[in-house]
Structure formats: structure tokens, C-alpha cells
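Have a look at the structure below, then the notes.
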Amino acid sequence: MAGRQFFGMTPRQLAALPTHPEQLKNTLLDLKGNWEAYAPKVTRQPIRALEGEKRIRALSDVAGTLLAEAPVPPAVRSAAFRMLATLPGVKVEGRTTDPLGRTGVVISLPLETTIPLGLSTAPRQLGTYRRQWIINPGNGTLLAMRDLVATPPQGTRDLPPGDDGEPRRLTPETQPDRFHKPGELAEYATYEVAEWTDETPS
């Protein structure tokens with residue numbers, strides 16, 4: 001973990017994060033990064049500068065990292081869970097099994113995808129997904145995160161027969177759904193062990 005940073009925060013800064021959900025949210029809003037799902041150029045800005053769904057997506061991305069990867073104390077993880085529960089659109093969807101067969105409670109949030117599924121970065125070609133966190137109800141640890149397709153990416157590919165050397169055209173109007181259908185699993189990550197260690201990462 002030595003030398004590694006999470007959204008610009010060192011392990012020491014992570015350990016000092018607030019343990020109250022509103023205070024944690026206020027701190028995270030000041031984090032600077034490239035939070036756009038798609039943009040013509042990379043722009044670093046604080047989450048606080050975003051509005052609506054963009055802000056929700058950025059906060060959920062950071063919260064997911066705090067829960068799954070960052071070396072934060074249990075009280076900060078608890079605050080991250082409680083902060084997630086306050087974001088607009090969050091739903092508790094009952095119990096399910098994760099990809100490893102473990103039972104957990106589902107918390108989900110609809111978000112615009114950050115996965116470039118189309119051949120262009122046009123918004124209509126990216127589609128939307130529902131991000132789900134699967135949580136162990138016994139101890140509050142994160143078992144898995146997964147993205148289910150809500151609206152598949154769209155696009156049209158107007159290609160004449162043969163290759164006449166002319167530019168080929170791609171527009172996002174009428175091409176059938178590609179890659180996934182609604183409800184299909186687009187991506188997932190599982191977490192088996194969450195504990196402190198004194199060992200140096202290899």
C-alpha cells in the first residue's frame with residue numbers, strides 16, 4: 001500500500017476521513033478528478049462542481065472504492081454505507097446471491113455508464129446500468145459490486161457492400177441493441193477478505 005493514493009488521498013488522509021455520513025460527503029465533494037462519463041477532453045474538477053446524476057455517480061464511485069479497496073477504518077466504511085443510503089435514487093432491493101454464491105442484501109443506484117461500449121463516446125451509445133452493492137447483513141462488509149444493463153447502447157452503422165475506400169458512417173439513431181440486453185450482467189467484482197495487514201504488498 002506504500003505510495004498508493006486513492007483519488008489523491010494518502011492512507012494517512014483516508015484514516016482521518018470523517019465518520020459521520022454528512023461530514024464524509026462534504027469532504028468527498030472537494031475531491032478533484034475527471035468525473036465525466038464521457039467528455040471531449042479530460043477535465044479535473046471537484047465533485048462539488050457537478051450537479052444531479054453526475055454528482056451522484058461520482059460520489060458512488062468514491063464510496064465504492066472506500067468500501068472495497070481503500071485502507072479506511074471500519075467507522076469510515078460505515079459512514080460510506082450510510083452516505084450511499086442518502087443519495088437520490090438509491091434502493092434496497094432485498095436479498096440475492098453474489099457471483100460466489102454468498103447471500104447478501106442488495107443496495108442499488110441507477111447510473112449512466114462509464115464503460116465506452118459504443119464506437120463513439122456519444123451519450124446515446126453508452127447506455128445506462130444499475131449499479132448494485134451486495135452487502136453481508138451480518139457484519140456490513142461488501143461482498144460484491146455488479147452493474148446490470150438498464151438501457152443497452154444504441155447506434156447505427158451504415159456500411160455499403162464491399163469497400164469502396166469511402167469514409168464509413170456511424171450514427172446513433174436506429175442500429176439494434178448491441179452487446180447486452182436489459183437486465184444482463186455487464187461487469188462485477190467480488191471481495192472475499194477485508195482486513196488489516198502489516199505485510200508489504202507484492
Report summary line: The reported gap from CZ in Arg55 to OG in Ser60 (rounded to nearest 0.5 angstrom) is 13.0 Å
Query raised in the report: Could you give the distance from CG (Leu50) to CD1 (Ile56), rounded to the nearest 0.5 Å?
Result: 11.0 Å
Query raised in the report: Can you name the closest pair of heavy atoms from Ser108 and Arg130 and give their distance?
Result: OG-NH1, 2.9 Å
Query raised in the report: What closest approach, in Å, do Phe6 and Pro71 show between heavy atoms, and which atom pair accounts for it?
Result: CE1-CD, 3.4 Å
Report summary line: Value for CD1 (Ile47) from CG (Leu59), rounded to nearest 0.5 Å, stands at 5.0 Å
Query raised in the report: Do side-chain atoms of Arg146 reach the backbone of Asp98 as a donor and acceptor pair under 3.5 angstrom?
Result: no
Query raised in the report: Going only through I, L, V, M, F, W and Y residues with side-chain contacts under 4.5 Å, is there a path from Val106 to Leu148?
Result: no
Query raised in the report: What distance do Met83 atom CE and Leu66 atom CG have between them, rounded to the nearest 0.5 Å?
Result: 7.5 Å
Query raised in the report: Could you walk me through whether Tyr191 and Met145 pass the side chain to side chain contact (heavy atoms under 4.5 Å, CB included) check?
Result: CA-CA 9 Å; Tyr191 307 93; Met145 284 195 303; 3.4 Å; yes
Report task. Measure the spacing between CG of Leu100 and CG of Leu143 and express it to the nearest 0.5 Å. Result -> 8.5 Å
Query - Intermediate values then yes/no, side chain to side chain contact (heavy atoms under 4.5 Å, CB included), Trp133 and Leu109 - result: CA-CA 9 Å; Trp133 295 269; Leu109 180 66; 3.9 Å; yes
Query raised in the report: At their closest point, which heavy atom of Val72 faces which heavy atom of Arg77, and how far apart are they?
Result: O-NH1, 3.1 Å
**Report entry** Closest approach of Pro99 to Tyr188 (non-hydrogen atoms, all atoms of both residues)
**Finding:** CG-CD1, 3.4 Å
Report task. Rounded to the nearest 0.5 Å, what's the gap from CD on Glu69 to CG on Leu14? Could you check? Result -> 11.5 Å
Query raised in the report: Is the backbone N or O of Asn26 less than 3.5 Å from a side-chain atom of Arg48, with the two atoms forming a donor-acceptor pair by type?
Result: yes
Query raised in the report: Under 4.5 Å between side-chain heavy atoms, hopping through other hydrophobics if needed: is there a path connecting Leu67 to Met9?
Result: yes
Report summary line: Nearest heavy-atom contact between Asp61 and Phe7 is O-CZ, 4.1 Å
Query - Residue pair Asn136, Arg102: steps toward the side chain to side chain contact (heavy atoms under 4.5 Å, CB included) verdict - result: CA-CA 8 Å; Asn136 182 336; Arg102 301 168 297 180; over 6 Å; no
Requested in this report: Give a yes or no on whether Leu24 and Leu31 share a hydrophobic cluster (residues Ile, Leu, Val, Met, Phe, Trp, Tyr; joining criterion: side-chain heavy atoms under 4.5 Å apart).
Outcome: yes
Query raised in the report: Are Leu87 and Ile134 connected in a single hydrophobic cluster, I mean Ile/Leu/Val/Met/Phe/Trp/Tyr linked by side-chain heavy atoms less than 4.5 Å apart?
Result: no
